[in-house]
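The model shown is predicted, which means the values in this text are computed figures rather than measured ones.
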Amino acid sequence: MRSVINAVIAAAVCVAADLVAFSVPATAAPPIAGGDCWRSATPLWCRGTFVRDEFLKIYTLDRFSDQRPNWGTAYSTSNSNWTGAYGPQTLTTYRRERDSWVFYEDSTTGKDGLRSVALATTWNCDYGGYCSRHAEPMIVRFSSIKLNRSTLSNDSGTLTTGTFAHETGHALGLAHHPTSTDLMYAGSNSATSPSSHNIGVLPPCSGSDTTTNAGNIRAGVRCIYKWKS
């Protein structure tokens with residue numbers, strides 16, 4: 001979730017909140033028993049359609065053009081930037097076998113967990129109907145990225161493009177990165193493409209990106225999906 005305070009304060013913050021959208025069970029998401037992407041381990045995060053050592057096929061769906069047609073360039077640029085950053089992920093606007101769906105939807109402050117400081121937030125839903133916008137163990141069936149037309153400009157400038165790309169990172173399983181210039185930083189900046197940190201190293205989860213299983217969302221998408229290509 002990427003946020004901005006207001007036009008007076010040129011800083012941005014990320015706001016956590018309770019679950020307020022969808023019909024969400026009172027219990028926490030179930031543990032991922034036995035793993036999925038990694039098979040021999042138990043990942044913190046995965047998308048249920050992913051087949052190990054193959055590409056992660058993301059089908060992106062435009063659900064914002066009726067309200068914000070000018071966001072179209074930001075949407076396509078974000079897709080291209082993620083696909084062009086060599087890793088397991090490929091994003092298209094057409095369906096493919098074993099694809100995973102990510103909806104990009106316009107929303108407003110006060111809806112879908114969006115506060116007045118928020119540019120967007122990403123909801124991820126599992127196969128049991130549980131939806132969350134917080135990093136937690138989950139095998140994701142689909143994601144819904146809620147873009148706040150109350151705070152985002154009606155254009156495809158750097159801020160809008162970066163917001164699309166940042167939230168896509170959350171849909172892929174990434175948490176926030178502590179570096180202020182990184183795409184996955186919690187606040188606004190000029191980044192519109194994933195960094196090497198966001199993609200991760202080869203072999204996955206090695207070197208400086210060595211991580212415990214519980215922290216794999218911080219070691220790049222290669223680590224999350226144990227992608228070795």
Would D62 and S65 count as a side chain to side chain donor-acceptor pair (under 3.5 Å) here? Give the steps. CA-CA 7 Å; D62 171 358; S65 288; 2.4 Å; yes

State which residue, out of I145, L147, V102, L172, fulfils the side chain to side chain contact (heavy atoms under 4.5 Å, CB included) condition with T122. I145

Joint cluster assignment, L202 & V221, ILVMFWY side-chain distance < 4.5 Å: no

How about W227 and F55: are their ring centroids closer than 6.0 Å? yes

Taking T179's backbone N and O only, do any of them form a donor-acceptor pair with D182's side chain (distance below 3.5 Å, no angle check)? no

Any donor-acceptor N/O pair, R47 side chain to A171 backbone, under 3.5 Å: yes

Distance alone, cut at 3.5 Å: any donor-acceptor contact between the side chains of T168 and Y104? yes

Between T160 and A74, what is the shortest heavy-atom contact and its length? CG2-CB, 3.7 Å

Regarding T109 and N148, do their side chains bring together a donor and an acceptor under 3.5 Å, going by distance alone? yes

Below 4.5 Å, heavy atoms only, C-beta onward: do F103 and F64 meet side chain to side chain? no

For R149, I'd like to know if atom CZ has over 12 heavy atoms of other residues, nucleotides or ligands within 6.0 Å. yes

Would you mind checking if K146 and E167 are paired as a salt bridge, meaning a charged N to carboxylate O distance below 4.0 Å? no

Y75 and T93: which non-hydrogen atoms are nearest, and at how many Å? OH-CG2, 3.6 Å

